[in-house]
**Q** 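Sharing a structure here in structure tokens format.
Source: prediction; values computed, not measured.
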Amino acid sequence: MVGVSDWQGSGQAPAGGRPAPVGRPLLSLTLAAMMDDVHAHSGAVYLLAPREPVLEMAVMAGLPRAFAAPWERVGLSAPIPVAEAVRERRLIWVSGEEQMASRYPRIAVVLPYPFALAALPVATANKAYGAVFVTWPGSHPPELSDRERDHLTAACDRLALRLERAAEEHRPVHPEPDLLAPAAAATVAGTLGTVEAARMAARLPYGLCALDLYGRISYANTATAELLGVPVSALLGTQLWAAVPWLNDPVYEDRYRAALLSQQVTSFVALRPPGDWLSFRLYPSTNGLSVRISRARAVAEMTRTEPQRGDDTPRLVTISHVLSLASALTEAAGVQDVVQLVADEIAPAVGSQALVVLGTQAGRLHVLGHRGYPDAHIVERFDGMPLSAQTPGTHALNSGVPAFFDSLQQLERVYPSRNATPDGMAAWAYLPLIASGRPVGTCVLAYAQPHAFPADERAVLTSLGGLIAQALERALLYDAKFKLAHGLQAALLPHSLPSLPSIEAAARYLPASQGMDIGGDFYDLMPSRGRAAAVIGDVQGHNVTAAGLMGQIRTAVRAYTTVGQSPEEVMRSTNRLLIDLGTDLFASCLYLRLDPAREVAVMARAGHPPPLLRRPDGKVRVLDLAGGPLLGIDASATYPTTEVPFTPGSVLALYTDGLIESPGVDIEDALADLGRQLAETGDQPLDTLADSLVQHGETATQERPDDVALLLLRACPHD
């Protein structure tokens with residue numbers, strides 16, 4: 001298989017039981033002997049990197065390193081057989097492509113071929129030095145024999161002792177050149193051994209060529225050149241899919257990889273433009289591939305005589321499609337966004353007609369969303385089901401192992417009670433959603449017709465489950481944060497405005513569309529010794545810190561109002577409080593005392609946008625009030641007051657800058673536009689007017705970069 005000329009024996013320990021001296025090349029010789037002992041056809045040795053929990057491939061044998069390129073460096077925590085072997089200090093056995101798809105989907109997506117694999121730790125009782133894996137063709141029995149297990153374990157133990165001794169003697173063990181089979185064995189002339197054999201191959205009516213383990217053409221007969229339309233001289237030394245332009249497709253390279261790794265005959269049909277179909281049949285060995293090329297039957301005849309995939313069965317999701325879906329999932333914000341994305345993009349891509357996304361809370365299943373079921377009660381009956389129930393959904397969630405059922409009969413054979421709750425579907429994939437090492441739910445994909453799940457499709461679906469899980473975990477956190485933010489905002493703002501004599505009021509609050517949906521804008525209306533007081537303000541930022549400070553300011557303003565401070569004193573006291581709190585945030589504020597009996601409003605302003613006053617005749621003016629700096633800047637600041645007429649029928653519009661500030665819009669133009677809107681619609685009921693003004697402000701931009709608060713006050717006739 002893979003040989004090294006100066007290796008003595010076949011993995012047997014020297015006499016006396018002591019490990020042999022560390023020689024050159026230690027790793028290559030050990031790996032070659034190990035593979036010969038158990039008749040494996042490829043393998044690799046990994047060494048632990050110094051001072052980091054990473055396994056690095058030191059040598060590979062039997063196949064080009066490109067086959068294992070994604071795993072040349074493997075973190076010890078990675079869900080990869082060699083890493084698991086080191087973590088658990090035991091042999092890991094994967095019997096074939098179905099086990100690989102269910103247990104290690106990352107590998108199965110890249111190498112969806114029938115092969116068996118064993119991974120073992122290279123470790124002594126005290127220390128781990130690395131790991132080894134070896135592979136066999138898909139024809140290997142489903143169980144590892146005792147002989148194979150013993151030989152592999154003993155070889156890894158001996159290697160660990162040699163590495164231990166090398167470490168004690170301060171002789172580092174470095175990566176070594178990979179081992180491949182001799183190239184001469186891959187040529188037709190070399191195999192047959194005579195010039196006459198080469199002449200015979202040249203006379204064959206079909207194409208015959210030989211590829212080495214890297215896919216390079218080492219021999220091609222005349223018929224090959226004629227069929228491919230490329231001279232023999234241009235073919236030799238090149239890869240088939242690189243030398244022939246119309247074979248430059250990853251699908252054809254995949255067939256070469258499948259043949260080498262599985263050691264099974266594979267074939268494909270390709271179109272040579274403009275209309276000639278050629279058949280390629282690949283015969284693998286441990287030295288390379290022999291390829292037979294001939295003209296294929298007419299496509300129409302092939303369609304009649306060979307089974308084809310039904311038109312209703314979609315192609316397996318490609319790697320590029322997976323990357324596209326992964327990108328789309330990163331944009332999903334809430335749970336319902338994830339459900340909708342799975343329904344719109346993933347389910348159609350894999351041919352599913354219906355889906356359910358289940359979550360878990362307090363030991364029970366919860367239906368997070370579903371699509372494709374005409375009767376919602378079919379799905380919702382599972383909401384609240386205990387995780388101890390014997391159902392495929394709970395089993396996938398508890399075990400973390402995906403389950404695939406090709407037909408209703410197969411499902412009912414495993415879960416007999418399932419027939420009591422039919423959903424009208426005929427095949428199912430139950431994908432556990434595992435994120436950050438913990439289960440967050442189960443995605444159920446249902447098919448209207450019986451559906452086979454080959455190993456490569458199971459691997460892709462399992463990988464998609466991992467992507468959905470990560471998106472769902474983020475979405476659950478987002479929804480929890482959204483609920484917390486709105487709950488906090490609701491607690492900090494007035495639940496309702498009080499009913500005060502001769503005053504009608506309405507208010508609106510909208511959080512910024514960026515950030516945590518929570519902000520520092522606030523408003524309040526309160527009685528004040530037979531009169532009324534109102535306040536509106538804006539703490540910079542729209543996050544939890546701004547909201548917390550806003551709550552403190554609003555509470556302080558209420559307290560200072562209750563003890564009878566004048567508007568100027570309320571502003572000075574609040575300013576000193578903000579400075580005493582030692583915060584780095586500032587706040588704008590507008591405070592006013594309403595006196596309906598005198599028909600006036602006394603106002604004090606701290607860097608806040610000027611209010612609008614709509615008089616009973618419908619004219620609107622911007623109140624250019626005297627004022628002081630923002631709260632929290634200068635402890636000695638003063639805030640002079642202005643008295644404004646507030647006759648019955650007048651409307652005061654107090655707002656924060658989020659209502660009038662929009663990217664690319666001049667603030668004076670925006671303020672004038674708001675004034676015109678107030679003049680035209682100011683006779684409406686205040687709630688209707690508030691909605692109108694807020695919606696008008698939103699038309700300037702689809703995104704709200706800042707929070708919006710609006711407080712409308714209308715003076716009513718005296719009783």
Side-chain angles (χ1 to χ4, degrees), residues 1-2 35 38-44 60-71 79-82 84-85 91-120 132-145 148-149 152 181 211 213 215 250-269 280-292 306-307 309 313 315-319 401-404 406 429 451-463:
M1 179 165 297
V2 178
M35 291 168 57
V38 297
H39 307 296
H41 85 297
S42 74
M60 186 166 180
L63 288 174
R65 185 172 288 222
F67 278 68
W71 309 286
I80 302 296
V82 287
E84 188 174 323
L91 185 150
I92 303 297
W93 168 245
V94 184
S95 64
E97 57 182 333
E98 288 198 9
Q99 272 200 14
M100 187 68 78
S102 62
R103 294 170 57 187
Y104 306 102
R106 294 185 190 177
I107 296 178
V109 167
V110 180
L111 301 174
Y113 316 123
F115 69 97
L117 178 145
L120 300 91
V132 168
F133 80 75
V134 292
T135 70
W136 293 265
S139 57
H140 188 282
E143 298 296 333
L144 193 65
S145 70
E148 290 170 328
R149 184 180 296 269
L152 290 172
L211 311 183
L213 292 176
V251 170
Y252 305 131
E253 182 181 357
D254 177 77
R255 294 297 81 202
Y256 138 80
R257 292 162 63 90
L260 277 186
L261 193 55
S262 68
Q263 290 292 293
Q264 295 179 357
V265 177
T266 62
S267 61
F268 63 88
V269 176
F280 295 77
R281 196 161 183 84
L282 285 64
Y283 299 88
S285 74
T286 56
N287 298 316
L289 295 169
S290 297
V291 183
R292 184 183 189 275
E306 294 186 3
R309 295 189 76 169
T313 304
R315 293 180 59 191
L316 188 63
V317 180
T318 63
I319 294 297
V401 178
F404 301 93
D406 299 352
H451 181 92
F453 295 95
D456 53 352
E457 185 168 353
R458 295 186 183 204
V460 169
L461 289 173
T462 305
S463 295

**Q** Closest approach of Pro137 and Ser262, non-hydrogen atoms and distance?
**A** CB-O, 3.1 Å

**Q** Rounded to the nearest 0.5 Å, how far apart are CH2 of Trp136 and NE2 of His41?
**A** 11.0 Å

**Q** Is the Phe268 ring parallel, tilted or perpendicular to the Phe280 ring (thresholds 30°, 60°)?
**A** parallel

**Q** Going by heavy atoms in the side chains, are Leu152 and Val38 under 4.5 Å from each other?
**A** yes

**Q** So which heavy atom on Gln99 is nearest to which on Val94, and how close?
**A** OE1-CA, 3.5 Å

**Q** Run the side chain to side chain donor-acceptor pair (under 3.5 Å) check on His140 and Glu148 step by step: do they pass?
**A** CA-CA 12 Å; His140 188 282; Glu148 290 170 328; 3.0 Å; yes

**Q** How close do Thr286 and Gln263 get, heavy atom to heavy atom, and via which atoms?
**A** N-OE1, 3.5 Å

**Q** Could you walk me through whether Leu289 and Tyr283 pass the side-chain contact (heavy atoms from CB on, under 4.5 Å) test, one step at a time?
**A** CA-CA 6 Å; Leu289 295 169; Tyr283 299 88; over 6 Å; no

**Q** For side-chain contact (heavy atoms from CB on, under 4.5 Å), just list the numbers for Glu143 and Arg149, CA-CA rounded to whole Å, side-chain angles, deciding distance to a tenth of an Å, and then say yes or no.
**A** CA-CA 10 Å; Glu143 298 296 333; Arg149 184 180 296 269; 5.9 Å; no

**Q** Roughly how far, to the nearest 0.5 Å, is CZ of Phe115 from CG of Leu261?
**A** 5.0 Å

**Q** Between atom CD1 of Ile92 and atom CD1 of Ile80, what is the distance when rounded to the nearest 0.5 Å?
**A** 12.0 Å

**Q** Minimum heavy-atom separation for Ala61 and Met35, please, with both atom names.
**A** CB-SD, 3.7 Å

**Q** Just so I know, are the side chains of Val291 and Arg281 near enough to count as touching, which here means a heavy-atom distance under 4.5 Å?
**A** no

**Q** Do Val134 and Ser42 have side chains that approach each other closer than 4.5 Å (heavy atoms only, starting at C-beta)?
**A** no

**Q** For side-chain contact (heavy atoms from CB on, under 4.5 Å), just list the numbers for Ile107 and Trp71, CA-CA rounded to whole Å, side-chain angles, deciding distance to a tenth of an Å, and then say yes or no.
**A** CA-CA 9 Å; Ile107 296 178; Trp71 309 286; 3.8 Å; yes

**Q** Indicate the atoms forming the closest heavy-atom contact of Pro114 with Gln264, along with that distance.
**A** CG-OE1, 3.6 Å

**Q** I want to check something: taking the side chain as every heavy atom from C-beta on, are Arg257 and Phe67 in contact at a cut-off of under 4.5 Å?
**A** yes

**Q** At what distance, to the nearest 0.5 angstrom, does CZ of Phe133 lie from CG of Leu91?
**A** 13.5 Å

**Q** Mind checking the CD-CZ spacing from Glu84 to Arg103? Nearest 0.5 Å is all I need.
**A** 6.5 Å

**Q** Which heavy atom of Pro64 sits nearest to which heavy atom of Tyr256, and what is that distance?
**A** CG-OH, 4.1 Å

**Q** Hey, are the side chains of Thr462 and Phe404 touching, using non-hydrogen atoms and a 4.5 Å cut-off?
**A** yes

**Q** Would you give the length of the straight line joining atom CZ of Arg292 to atom OG of Ser267, rounded to the nearest 0.5 angstrom?
**A** 11.5 Å

**Q** If you apply the rule side-chain contact (heavy atoms from CB on, under 4.5 Å), what do you find for Leu213 with Leu260, and how did you get there?
**A** CA-CA 8 Å; Leu213 292 176; Leu260 277 186; 3.8 Å; yes

**Q** Under 3.5 Å, is there a donor-acceptor pair between the side chain of Trp93 and the main chain of Ala119?
**A** no

